[in-house]
Each structure stands twice: as C-alpha cells, then as structure tokens.
Amino acid sequence: MINGSLMIGISLLPLLVAGPALAQQTTNTRAASGQTTASTSAGTATANAPVVLPTVTVSEGGNVLVGDPYQTPAAVSSVDLLNSPSDSTRLDSVLRSVPGTFTEQSTSNPGVAVNIRGFQGMDRVNMMIDGVRQNFRFVGHEAGGFTYVDDQLLAGVDVARGAVSTAGGAGALAGAVNMRTLGIDDIIKPGKSYGAMANIRWGSNGVGWQEMFAGAARVNDRFALGAAIATRDSGNYKNGDDVTVPYTSQELTSGLVKTDIKLTDTSRLKLGGVFYNNFFYANSAAQNVINDTLTANYSYDPGNDLVDFKLNAYYNATKMKYGTSSSTISSYRGRVIEDKGWGFDTSNTSKLLLGQVAVKSTYGLEYFHDDVDAYNTVTPSSYGGVNPSGTSSIGGVFSETTFTYGMVDLIAGLRYDFFTLNGSGYENTSGGAVPIGYWTVDRNEGRFDPKITLAVNPLDWLQPYVTYAETMRAPTASETMVGGEHPGSSVSYSANPYLEPEVSKGWEFGLNIRKDSVIVAGDKVRLKVDYFTNDIENYIVTCRSTQYYFCNVAGTSNVSGVEMQASYDAGKVFADMSYTHNDNDLPAQTQGFGANQYLPDDIFTFSGGVRLFDEKLVLGARYSYISEGQAIAYGSNFTGVISSTPSDSYSIVDLFGSYALTDVLTLRVDATNLLNEAYTPALSIAPTGFSGDTGQGRTFLVSLRAHL
C-alpha cells in the first residue's frame with residue numbers, strides 16, 4: 001500500500017504544481033475548454049491567443065476504449081459494426097482485419113481469443129465486454145482462454161495495441177480489446193424518444209437462421225431503458241472441398257438489458273447486463289457455456305475543468321459445463337469450470353493551463369478479483385482435470401497527462417500494477433517445479449510501468465509520434481497452480497508457485513494523416529502506420545523434466561513489426577485497407593498447454609465499393625491475403641518447438657451488397673469465400689478427430705434489417 005500511495009501522489013502532482021497558475025487563469029481555461037480539438041494546429045501560441053486544451057484517449061468504462069484512431073498518437077483501431085457494409089458470419093473475421101490483431105480461432109469453440117502482435121492467452125491481451133474483463137481460461141488443446149459474446153449484439157470493437165496507461169491496462173502485456181454491445185443511443189435514433197432494431201438473417205452452408213430484436217425508450221428526461229434478444233442455430237458447415245467439418249454447430253441464445261438514469265443535472269448512472277448461453281461440442285466434449293456480464297457506470301461532470309469523474313463497477317461469471325453423455329470423453333463427463341470475477345475502475349480528468357502549456361490529466365485506479373472453481377459433478381475425485389481452483393487479483397494506480405505547447409504534445413503515463421495469487425495443493429510425483437508434498441501460493445507483488453509519447457503536429461492533418469512503454473503480465477492461477485494427469489495417458493502436470501511476471505519494454509514510431517478534399521472536393525483520406533519493437537523478459541512457456549509445468553524462459557525475446565490502416569471515402573466510392581508484418585522470436589508454446597501464437601508473416605485486407613442511386617445501393621468486394629508463417633510442433637520431449645514446415649498461405653474473396661428499401665428497411669446479401677478456396681485458417685484448432693481443411697467453403701448470406 002505504500003507503493004500505491006506513492007503512485008496516487010505522483011498522479012495528483014500535475015494538479016498540485018498547477019494550483020497557483022490555475023487560480024490566475026480560470027477564465028482563460030474555461031474559454032479554451034470549449035475549443036478542444038484532438039491535435040493542436042501548427043504554430044506556437046501567442047500571449048493573446050487562446051491556448052487550446054488537448055484531448056487524449058480515455059477509457060470510459062463500457063463505452064469506448066479509444067477515440068478517433070487517426071487523431072490518436074498510439075496504435076489503436078475502432079470497428080463500427082452497426083454501419084459496416086458487409087455482414088460477417090463470425091467475430092474472428094472482423095478482428096483479423098484489424099492491423100496487428102488476429103485470433104486463435106477454434107473451429108468448434110465459438111468463443112473469441114484475441115491475439116495482438118503474436119501475444120495471446122492467459123490475459124496477455126485484456127479482452128473486455130462493455131469494459132468488463134473476461135478472464136475465463138482453461139488448460140487444454142485450445143487457446144489459453146476465450147471471451148463469449150454474441151456478435152449480433154455488438155455495436156463495435158475497439159483495439160489498443162501496446163501499453164494502455166489508463167483504465168483497462170492493468171496486467172495487459174500486449175494491449176486491450178473492448179467489445180461494445182448495443183446501447184440505448186444505438187437503438188434510439190437522434191430526436192426520438194423510442195426506437196427498435198431487428199435483424200433476420202439466413203445463411204447457406206450450415207449457417208442457418210439468426211435473429212436479433214432490440215427496443216428502447218426514453219420514459220422521460222431522467223430515465224431510459226433498452227433490451228435485446230438474439231438466437232442462433234447453426235449446423236456443421238462444409239469446407240472448400242465440399243467435405244463436412246464436424247463439430248462446427250452451435251445453439252446460442254443471448255440478450256442484454258441497459259438503463260440510463262439521470263440522477264441530477266451533473267450525474268448519471270448506467271446499469272447493464274449482457275447474457276450468453278451456448279451449446280456446442282469442442283475439445284472432445286459436449287459443452288454448455290454460460291456467461292453473464294453486469295455493469296454499473298456512474299459519471300459526475302459538474303461542468304468545470306477540474307472534475308470529470310467516472311466510477312465503473314462490474315461482475316462477470318463464466319461457467320463451462322461438460323456433458324455427461326457418451327459423446328463426451330468419459331474422464332471429462334461432469335467437469336465444471338467456473339470463474340466469478342468482480343472489479344471496478346475509477347478515474348478523474350482535469351484540464352488546466354500552466355502559462356502557455358495546456359495540461360490534461362486522467363488519473364485513477366482499477367482492481368479486479370477472480371475466484372476460479374474447477375470440479376466434477378460425476379467423478380468428484382477428478383476435480384477439474386488439470387484445471388486448478390484458486391483466486392487471483394490484479395490492480396493498478398494510473399496517471400496519464402498530456403502537455404501541449406504549440407505543435408508539440410508530450411503525453412506522460414505512469415502506472416503501478418500489483419497482483420496477488422492464492423492457492424494450495426499436494427504434489428505426489430517428482431520431476432516437476434515443486435517437490436513431493438504440500439505446496440502453497442501466497443504472493444503479493446507489484447511494478448511501476450511508464451509510458452511516454454512525443455507527438456508533433458506541424459500541419460493540421462499530419463501527426464508523427466514516438467512512444468516508449470513498459471508493461472507487465474502477472475502469472476495466472478492456471479499457470480501457477482496447474483496439476484493432474486492428461487486423460488488416457490501417464491502424462492502429468494505440476495504446479496509452479498515460483499513463476500515471475502512477464503515484462504515488455506519497447507518503442508513505437510507512428511504517423512497519422514487525416515486530410516480532406518485530396519482528389520475530389522469533400523473526399524476523406526485517412527492513414528495510420530506504425531513500427532514497433534518490444535523486448536520480452538521472463539516469457540512463460542512449458543518445461544518438462546518428468547512432468548510438464550509452466551516456466552519462465554531465460555533471457556530476452558523480441559517482437560517487432562509494421563502495422564498500417566487506411567481509408568478513402570468520396571461518397572460514391574469508398575475503400576479500406578489494413579496491413580500487418582510481424583517478426584517474432586518468442587519461444588514456442590506447447591500444443592495442449594496453449595496453442596500456436598505466431599502471426600503469419602504478412603496479413604493484407606482490402607475492401608472497396610460504390611454507392612449508387614443516392615447511396616441507397618451499396619456494392620463491394622473484399623480481398624484477404626494471409627501469408628505463410630511460423631507454426632508449432634512437438635519437440636523430442638513433447639514441449640513446443642517451431643515447426644520446420646510453415647503454415648500455408650491463402651487468399652479469400654468476398655462480395656457484399658445492400659439496398660435501402662425504405663428509410664427503415666435494408667436488404668443485405670453477402671457471399672463469403674466466393675471462389676470456394678480450400679484452406680485452413682492460420683492460428684486455428686481443428687475439430688476432434690478431423691484432419692482436412694477447416695476453412696468454411698462458399699457461403700451465401702441474406703438478411704433483412706429494420707431500424708425504427
């Protein structure tokens with residue numbers, strides 16, 4: 001707590017230093033606050049000119065993780081799913097089109113496991129739903145953890161690659177992803193007091209029927225309520241060779257409830273719940289996953305420059321239940337893994353002037369706690385297999401302050417992250433990380449992580465920047481306390497209470513371009529490109545003596561790459577592009593104790609189209625190229641090694657189109673994998689017992705969307 005108090009003091013330091021200046025310049029500050037822009041125009045402020053207070057990227061706990069990517073000096077991206085011209089069949093496809101971002105795609109498991117810059121699993125990427133951390137994970141022939149959400153209920157996805165120095169950054173080694181569900185303002189059109197949305201879709205090749213209905217109303221100027229429900233009943237699909245890929249069906253029901261309560265003229269309370277219930281077969285077991293996410297977001301903004309306060313509290317419960325029928329491997333039957341997590345983040349944003357320097361500071365803290373319980377209702381002595389029970393907590397005190405003078409922005413971030421791990425067990429076999437006998441885990445550690453960015457705005461449309469940042473990921477309960485035996489073999493696993501946190505230190509060099517009327521009057525050109533290089537210490541993989549256990553790799557590993565995204569919109573013509581190049585010398589994870597984490601060397605996506613008949617008709621196409629990349633194999637001791645055979649490259653072509661029948665109804669038609677390419681998606685896991693290509697073959701989608 002001494003370190004935490006010190007961090008709070010550092011966070012408040014800009015305010016203490018600025019006290020006298022603030023008292024003398026209150027009038028100027030208020031005048032400037034109404035002129036806030038994302039970047040300062042070229043030139044140096046004069047004594048008589050108003051100093052413009054800067055805006056910075058701020059997590060708003062459940063609303064957005066990032067602002068406009070092309071005005072933010074950081075590697076961030078945002079996807080608007082409500083206004084997307086295409087109608088993708090799964091969230092993995094959306095995330096794989098974001099620069100530097102990929103997924104560990106399980107063909108059978110409908111959860112999403114985000115990979116950023118080659119890092120995935122075990123909380124290396126903070127995956128969130130409405131700002132709520134999704135920490136569910138398990139040890140098996142899959143990714144290190146999944147987030148379960150119905151993409152029919154999503155309004156958008158925000159991705160922050162690299163260090164996040166405000167809320168959402170605690171314990172995240174490589175970045176954060178926030179999946180934003182439908183809000184009341186998404187359902188109700190501007191100027192109306194009520195609204196409704198509906199989307200009915202049918203797809204060939206096993207997709208079947210999907211339905212979503214949502215409604216909301218502003219009862220009065222103080223209270224609004226919204227709700228949605230969605231269903232999906234998909235069958236097994238066929239690959240490009242016309243072979244049925246087994247265990248790719250699911251039966252999903254999901255929903256949400258949102259309220260918006262204006263407590264006073266200066267404060268609001270938003271309550272929400274997102275609910276998910278899915279049945280599927282994956283990893284040799286019939287499974288039922290239930291995920292409930294509850295949020296309470298309070299905000300207080302009295303209209304002055306010193307106070308813009310937010311408090312976000314949440315609870316998340318994920319339960320994975322294995323079936324008891326003969327379709328599930330006998331030793332799995334009755335297994336249950338539960339993760340009950342709760343937490344909060346609180347922050348305040350203050351703006352002030354120090355002479356001709358505009359200052360904006362966001363400071364606060366975040367904390368979350370997970371209680372994992374793994375057990376077996378059929379064979380209690382089997383517990384959760386190799387999946388342990390235990391508790392863990394991670395928290396952080398943070399500060400991010402932007403100093404703006406003329407064309408220069410200096411953004412200084414500092415956070416103190418801490419973690420606790422608690423659990424115990426008994427080791428009955430030698431050759432692991434602990435000797436035979438009882439062992440306990442009782443750890444409480446922390447670390448300071450800085451982030452500093454220098455951005456220059458020589459022109460109102462040009463912004464180069466450079467960032468240095470450090471991040472830390474604490475070992476999880478799964479890594480620290482794993483144990484037991486692999487079903488059907490004599491292979492056993494051992495706990496390792498001595499794991500050290502992973503630490504990343506690195507640089508990022510980037511450029512933002514945001515310019516209008518370049519080719520024709522009124523068009524919009526946007527470009528964002530960055531190069532990053534990170535050194536990783538204490539990376540956690542699998543070791544083996546007589547037993548398997550998680551261990552820290554000695555020395556330093558490096559990950560580097562180039563990320564680019566661009567868009568062009570001239571009204572009648574539009575185009576978007578993303579590109580990723582990744583170099584990665586991280587040690588290999590072990591299949592079965594994780595999954596292949598290496599991104600393909602090059603990932604390129606281009607989409608473009610036209611808007612005709614007063615933009616009522618939209619026609620377009622998408623091309624995706626995935627190059628070969630490193631793959632993981634088993635070494636002589638059955639730990640992970642880089643395979644001598646890289647993953648295969650492939651290309652996918654999609655077509656999409658929509659027509660606005662009325663102001664309310666829109667008809668959409670999509671054709672995915674138009675050329676019926678036979679391929680296996682990079683970083684994917686095949687269904688149990690299947691050895692063919694697992695990429696979904698040619699699929700047609702037809703949907704009717706209504707928005708009243």
With salt bridge (charged side-chain N to carboxylate O under 4.0 Å, His left out) as the test, would you mind laying out the steps for Arg117 and Glu508 before giving the verdict?
CA-CA 13 Å; Arg117 296 176 172 176; Glu508 181 176 298; 3.1 Å; yes
Closest heavy-atom pair, Asp523 versus Ile519, reported as atoms and distance to 0.1 Å, is OD2-N, 2.8 Å
Do Lys451 side-chain atoms and Ala163 backbone N/O form a donor-acceptor pair below 3.5 Å?
yes
Over all atoms of both residues, closest heavy-atom pair of Leu294 and Phe275:
CD2-CE2, 4.0 Å
For the atom pair CG (Leu454) and CG (Asp409), what is the distance rounded to the nearest 0.5 Å?
8.5 Å
Heavy atoms of Met127 and Gly145 approach each other most closely as CE-O, 4.1 Å
Looking just at side-chain N and O atoms, do Ser78 and Asp158 make a donor-acceptor pair shorter than 3.5 Å?
yes
Flag yes if more than 12 heavy atoms outside Lys262 fall under 6.0 Å of its NZ atom; otherwise flag no.
yes
What pair of heavy atoms forms the shortest contact from Met128 to Leu65, and how long is it?
CE-CD1, 4.1 Å
Would you check if the distance from the ring center of Tyr70 to the ring center of Trp461 is below 6.0 Å?
no
Pairwise salt bridge (Lys or Arg N to Asp or Glu O under 4.0 Å) hits with a residue in residues 183-193, at least two apart
Asp185-Arg218
If I take atom CD1 from residue Ile129 and atom CG from residue Leu256, how far apart are they, to the nearest 0.5 angstrom?
11.0 Å
Under the 3.5 angstrom rule, does the side chain of Asn348 hit a backbone N or O of Leu306 as a donor-acceptor pair?
yes
Where do Gly118 and Asn582 come nearest, in terms of heavy atoms and distance?
N-ND2, 4.5 Å
Report the C-alpha distance between Asp123 and Arg473 in whole Å, list the side-chain angles of each, state the deciding distance to 0.1 Å, and finish with yes or no for salt bridge (charged side-chain N to carboxylate O under 4.0 Å, His left out).
CA-CA 7 Å; Asp123 297 342; Arg473 181 190 75 92; over 6 Å; no
Output the distance between atom CD1 (Ile184) and atom CG (Leu225), rounded to the nearest 0.5 Å.
6.5 Å
Partners of Arg133 by salt bridge (Lys or Arg N to Asp or Glu O under 4.0 Å), sequence neighbours excluded?
Glu366
Between the OG1 atom in Thr103 and the CD atom in Gln120, the distance rounded to the nearest 0.5 Å is 8.5 Å
Gln565 side chain to Glu563 main-chain N or O, any donor-acceptor pair under 3.5 Å?
no
Lys258 vs Asp130, salt bridge (charged side-chain N to carboxylate O under 4.0 Å, His left out): CA-CA, chis, key distance, verdict
CA-CA 11 Å; Lys258 301 284 182 74; Asp130 290 340; 3.6 Å; yes
Listed by chain and number, what are the ring pair (Phe, Tyr, Trp, His ring centres under 6.0 Å) partners of Tyr276, not counting sequence neighbours?
Tyr148
Evaluate the side-chain proximity of Val157 to Leu81: yes if any heavy-atom separation is below 4.5 Å, no if none is.
yes
For Glu400 and Ser165, test the side chains for any donor-to-acceptor distance below 3.5 angstrom and give the result as yes or no.
yes
Does NZ or CZ of Arg96 fall inside the cone over Phe102's six-membered ring, less than 6.0 Å from its centre and within 45° of the axis?
yes
Look only at the side chain of Asn126 and the backbone of Gly168, and say whether a donor-acceptor pair between them is shorter than 3.5 Å.
yes
Suppose we call two aromatic rings close when their centres sit under 6.0 Å apart. Are Trp342 and Tyr315 close by that rule?
no
Check whether Asp92 reaches the backbone of Leu95 with its side chain - one donor and one acceptor, N or O, closer than 3.5 Å.
no
Please determine whether side-chain hydrogen bond (donor to acceptor under 3.5 Å, both in side chains) holds for the pair Arg622 and Ser97, giving the CA-CA distance in whole Å, both sets of side-chain angles, and the decisive distance to 0.1 Å.
CA-CA 10 Å; Arg622 178 191 299 105; Ser97 66; over 6 Å; no
Under a 3.5 Å threshold, yes or no: a donor from one side chain and an acceptor from the other, between Tyr363 and Ser350?
yes
Considering non-hydrogen atoms only, spot the tightest contact between Ala214 and Leu182 and give its length.
CB-CD1, 4.3 Å
Between Lys505 (side chain only) and Thr471 (backbone N and O only), is there a donor and an acceptor less than 3.5 Å apart?
no
Any Lys/Arg nitrogen of Lys360 or Asp305 sitting under 4.0 Å from an Asp/Glu carboxylate oxygen of the other?
no
With rounding to the nearest 0.5 angstrom, report the OG to CG distance, Ser93 to Leu91.
8.5 Å
Do the side chains of Val98 and Val79 get nearer than 4.5 Å, heavy atoms only?
yes
Determine yes or no for a side-chain-to-main-chain donor-acceptor pair under 3.5 angstrom, with Arg161 supplying the side chain and Pro99 the backbone.
yes
Less than 4.5 Å apart, any side-chain heavy atom of Arg447 and any of Asp417?
no
Six-ring centre of Tyr568, Arg526 cation under 6.0 angstrom, axis tolerance 45°:
no
Donor on one side chain, acceptor on other, Asn457 and Gln463, under 3.5 Å
yes
Main-chain N/O of Thr166 paired to Arg415 side chain as donor or acceptor, under 3.5 Å
yes
Does the side chain of Asn115 come under 3.5 Å of the side chain of Gln597 through a donor N or O and an acceptor N or O?
no
Does the plane of the ring in Phe509 sit parallel, tilted or perpendicular to the ring in Tyr531? Use 30° and 60° as the thresholds.
parallel
Can you list everything that forms a side chain to side chain donor-acceptor pair (under 3.5 Å) with Tyr298? Sequence neighbours excluded, please.
none
Going from CD on Gln356 to OG1 on Thr404, what distance comes out if it is rounded to the nearest 0.5 angstrom?
12.5 Å
Taking Leu263's backbone N and O only, do any of them form a donor-acceptor pair with Ser267's side chain (distance below 3.5 Å, no angle check)?
no
Looking just at side-chain N and O atoms, do Asp569 and Ser567 make a donor-acceptor pair shorter than 3.5 Å?
no
Under 4.5 Å between any side-chain heavy atoms of Arg268 and Ile261, yes or no?
no
Evaluate the salt bridge (charged side-chain N to carboxylate O under 4.0 Å, His left out) criterion for residues Lys572 and Glu615: first the C-alpha distance (whole Å), next the side-chain angles of each, then the deciding distance (0.1 Å), finally the verdict.
CA-CA 7 Å; Lys572 292 183 178 180; Glu615 300 188 5; over 6 Å; no
Could you tell me whether the side chains of Thr401 and Ser361 share a donor-acceptor contact shorter than 3.5 Å?
yes
Is the side chain of Thr264 donor-acceptor paired with the backbone N or O of Thr266 at a distance under 3.5 Å, no angle test?
yes
Verify side-chain hydrogen bond (donor to acceptor under 3.5 Å, both in side chains) between Ser560 and Thr533, making sure each step is shown before the conclusion.
CA-CA 4 Å; Ser560 63; Thr533 178; 5.0 Å; no
Apply salt bridge (Lys or Arg N to Asp or Glu O under 4.0 Å) to Asp535 and list each qualifying residue two or more places apart in sequence or on a separate chain.
none
Taking the six-membered ring for Trp, are the ring centroids of Tyr416 and Phe448 within less than 6.0 Å of each other?
yes
Asp308: partners by side chain to side chain contact (heavy atoms under 4.5 Å, CB included), with sequence neighbours left out:
Asp301, Lys310, Thr349
Side-chain contact, heavy-atom cut-off 4.5 Å: Tyr579 with Phe606?
no
